Amino acid sequence: MELEKFELGATHYKESDLKEGKLLSLPWTPNLKYAWDNGVAIGRYLTELKEGRIIARKCNKCRRIMLPPRMFCELCWRPTDEWVYVQDTGRVNTFSICYVNWDASRIKKGEKPHLPAVIEIDGASPGMGILHLLGEVKPEDIKIGMRVQAVWKKPEEREGAITDILYFKPVRG
Amino acid sequence: MAYRRVAIVGAGITKFVRRAQETGKELAFQAAKMALDSCGLTMKDIECVSLGTAPDAFDGVHMKGEYLSDGSGGWRKPYMRHFVGGGTGVFAPIHGWFHVASGMFDTCLVVCSEKMSSCHPHPQGAFKTIFDHTTEQPLNPTLIWIFALEMNRYMQTYGITKEEIALVSVKNKKNAMDHPSAQLPMEITVEDVLNSEVLAWPVNRLDISPASDGAAAIVLASEHVAKRITDKPVWIDGVGWNLDTAYWATRDLAYPRYVEKAARMAYEMAGIKEPQKEIEIAEPYDPFDYKELHHMEGLLLADRGKAVEMLLDGKTQRDGDRPMCPSGGALGVGNPIAATGLMKVIEIFLQLRGEAGKRQVPGNPRCGLAQAWGDLMQVGTVVVLRR
C-alpha cells in the first residue's frame, strides 16, 4: 500500500475562517475550583517556606535527601525517615530565556523575559533540583553551574507557597 | 516465548493539518476506514479496538475515549482507551499487541486520533495543568520550559551547538516533502532555524513541531490470521515501555533513562543484542529537533553525546547508513500528539514492506524501530518491527 493511492481526508480550514465567525466558537470558563490537599510532605514544605526555610526529607536506606520532600522514597519504596533543613542557596543545573507566556501568548515589548531554571539546592542530594525563576541577572550573564541564592518575600507577605521565594539571584563563590 | 506472534497487516493515516474541519471522531473514522481498506477487511472482521488519544483538555471533553469510540469502530466491541501523553501513539499498538499476543483476540484495530485545534487560541494553554499544582504551577510554566531546560543541559553536557541541532529540523522537514500527509514540509537552512523567532532560548520556532489535527490507524492480526490477510505481514517482535517519576527536575536531563529502559525491554523481547547494528531504520520521537538526538542515545542507537556525529556524517539521512525519521517526523509531518507515534509505526511498516514510495530508504531494511515519549518528560514507549 502506498499512501499516495488513498484519499487521506482531514480538510484544512484557515485561522481567518475562525476569526470571521464562520465556525461555531463558544468561549467558556468552567466554573471549577480546586482545593488541593497539600499532604504531609508538601504541607510541611510550604509551612517552612513561610518561615523562610527550605526543608527536605531523607531516606535512611538510600541516604538521599530529597526535594521537594516526600513521605515515601520512590527508589526504596519505603517510608522516608527524617526532616532535614537545607540551604537557600544552590547551583543552576540548566536555564532558559523565555519570551512566551504560559498560554503561548508573547511577552509584551519592553517586558523582561521569564528566566526559568532548574536549581540544585545545597544540602540536598546531588542532582536534586527544583523548578524556579532567576532574577537580578542579565539573561546573557546566566551560566550553567552559576551559584544562586533565594530572594524571599517579606515575612509578612509570605503565604506558604513556592512563590514565597520570589526568585534566585546570583551570588559569589 | 509464551506470547503469540502479532503482525501489522494494514494501515491508514489522514493528512495532518493545523485546523481540521472534521471532528476527532471523523478523523478517527477516516484513518480507521483506510486501514481496513488497505488490507481488504471490514469492521466485521475486527474483534477489539484500542484507542489512543492524549489530553482531554484539548477537546474540552472529559473521558474522551468514550466520546471517540464510535468513530474509532469501538461500537459494542471490547474497546479501551489509554494515554501516556506524547508516548500514546506507540503505546496504543503495544496495547493492541497485548490483546492479540495474549490469545484473547485474533484481530485488533488500533486507532490514534488527536484534535488540538479545538483548544484556542493555543493548545499550549492546556499544558500548564500537567505541572505539579502546588510546587510548579504558581510559577506560570509553559511546556516549552522543560524542553528548553533539557535542550540547554544536553547541549552543555556534550558541547553540542544550536547550529548542529538545527540540522535535524532541516533534515526532517525536507523528508516530509515526500509524505502525502505532511503539514510542514519545507526546504530550509540552518540559518532559517536560527533566525526564526526565539520562543524560549535555546528553542526557536523552527526547532519545534507544529500543533496539529489528524489520525492514524493500524490493523493487528495473530499469525495464522495475518498470513491469510497478506503475504507481507510486518511483525511486532518487541515492545517496551517505562515511566519515570514526575519529579522531572531531579533527573539527569542530558540522558533519557526511561527511554533506555523501554528500549532494553523491547530489544530483549526481539532478541536484539547490538541495536546499533541490528536496527537498520528508526523513527525516534522528534517533537523538538534535539529530541531526535537525545532519543537516539536513549535507544542505544548512538553512544552518549555521539548522535550528533551520526547526524553530521549524514548517516541519519534517508540515504544514509542509519536513516532516522525518513517520514519527516513530528517536525515535518506534524504532531497531532497521539497520532504522531502511530504515524511513526506506520512509516516503519511501509518501509519494511518496501511501500514507502518516494520516501523509501535504500537497502531493503528488515528491522526497524518506532519510539514515542511524553508526559512530564517521563514516558518511553518502543516497538521493534521486522518483516
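All values reported here derive from a predicted model rather than from experimental measurement. Residue numbers begin at 1 in each chain, while the letters A, B, ... track the order of the sequences.
The NZ atom of B:Lys128 sits 10.5 Å away from the CG atom of A:Asn101 when rounded to the nearest 0.5 Å. Note: B:Met343 CE to A:Leu3 CG = 10.5 Å, rounded to the nearest 0.5 Å. From A:Leu8, atom CG reaches atom NZ of B:Lys15 across 6.0 Å, with rounding to the nearest 0.5 Å. The distance from the OH atom of A:Tyr99 to the CG atom of B:Leu199 is 11.0 Å, given to the nearest 0.5 Å. Atom-to-atom distance recorded for B:Lys33:NZ and A:Phe6:CZ is 10.0 Å, nearest 0.5 angstrom. Atom-to-atom distance recorded for A:Met1:CE and B:Phe349:CZ is 6.5 Å, nearest 0.5 angstrom.
Residue-environment remark: CZ (B:Arg205) stays at or below the threshold of 12 foreign heavy atoms within 6.0 Å. Around the CZ atom of A:Phe72, the shell of radius 6.0 Å holds no more than 12 heavy atoms that belong to other residues, nucleotides or ligands. Counting heavy-atom neighbours within 6.0 Å of B:Phe29 CZ, excluding the residue itself, gives a total of 12 or less. The number of heavy-atom neighbours closer than 6.0 Å to CH2 of A:Trp36, taken from other residues, nucleotides and ligands shown, is above 12. Within 6.0 Å of CG on A:Asp37 lie no more than 12 heavy atoms contributed by other residues, nucleotides or ligands. Atom NZ of B:Lys25 sits in a crowded spot, with more than 12 heavy atoms from other residues, nucleotides or ligands closer than 6.0 Å. No more than 12 heavy atoms of other residues, nucleotides or ligands sit less than 6.0 Å from atom CZ of B:Arg257.
Counting heavy atoms from C-beta outward, A:Ser96 and B:Val203 have side chains that stay 4.5 Å or more apart.
Residues of residues 151-163 of chain A having a heavy atom under 4.5 Å from any heavy atom of chain B, listed by number: A:Ile162, A:Thr163. Residues of residues 247-254 of chain B that come closer than 4.5 Å to chain A, counting heavy atoms only, are B:Tyr247, B:Trp248, B:Ala249, B:Thr250, B:Leu253, ordered by residue number.
The side-chain contact (heavy atoms from CB on, under 4.5 Å) search around A:Val86 returns A:Ile54, A:Ala56, A:Ile65, A:Leu67, A:Ile121, A:Ala124, not counting sequence neighbours. Residues forming a salt bridge (charged side-chain N to carboxylate O under 4.0 Å, His left out) with B:Glu150 (at least two apart in sequence, or on another chain): B:Lys291.
Interface remark: of the candidates B:Glu136, B:Gln124, B:Gln183, B:Glu22, B:Glu22 forms the most heavy-atom pairs closer than 4.5 Å to chain A. Annotation: maximal heavy-atom pairing with chain B below 4.5 Å, among A:His132, A:Glu74, A:Glu120, occurs at A:His132. The most heavy-atom pairs under 4.5 Å with chain A, out of B:Arg359, B:Glu355, B:Gln360, come from B:Glu355. In terms of heavy-atom pairs under 4.5 Å with chain A, the best-connected choice from B:Ile144, B:Leu27, B:Ile346, B:Val198 is B:Val198. Per-residue counts of heavy-atom pairs under 4.5 Å with chain B were compared for A:Glu7, A:Lys5, A:Glu15; the largest is that of A:Glu15. For chain A, the option among B:Leu350, B:Asp213, B:Leu139 with the highest count of heavy-atom pairs below 4.5 Å is B:Leu139. When each of A:Ala104, A:Gly9, A:Pro113, A:Pro116 is checked for heavy-atom pairs under 4.5 Å with chain B, A:Pro116 comes out on top. Ranked by heavy-atom pairs shorter than 4.5 Å toward chain B, the options A:Val118, A:Leu133, A:Asn93, A:Val100 are led by A:Asn93. Note: B:His133 leads B:Met34, B:His133, B:Glu197 in heavy-atom pairs under 4.5 Å with chain A. Heavy-atom pairs under 4.5 Å with chain B were tallied for A:Met66, A:Glu4, A:Arg106; the largest tally goes to A:Arg106. Chosen from B:Trp145, B:Phe16, B:Phe131, the residue pairing most often with chain A at heavy-atom distances under 4.5 Å is B:Trp145. Chain B forms the most heavy-atom pairs under 4.5 Å with one residue out of A:Ile130, A:Leu131, A:Asp103, and that residue is A:Leu131.
For chain B, no part of A:Tyr34 is nearby; none of its heavy atoms comes within less than 4.5 Å. Looking at B:Arg18, both its backbone and its side chain come within 4.5 Å of chain A, counting heavy atoms on both sides. For B:Ala11, the parts lying near chain A are the backbone and the side chain together; criterion is any non-hydrogen pair under 4.5 Å. Using a 4.5 Å cut-off between heavy atoms, B:Asp244 makes no contact with chain A at all.
No side-chain donor-acceptor contact under 3.5 Å links B:Gln21 to the backbone of A:Ala10.
Remark: aromatic rings of B:Phe127 and A:Trp102 are distant, center separation not under 6.0 Å.
Considering B:Thr157, B:Asn152, B:Ile146 in turn, B:Asn152 is the only one that fulfils the side chain to side chain contact (heavy atoms under 4.5 Å, CB included) rule with A:Thr94.
The nearest pair of heavy atoms linking A:Tyr13 to B:Ala20 is CE2-O, 3.3 Å.
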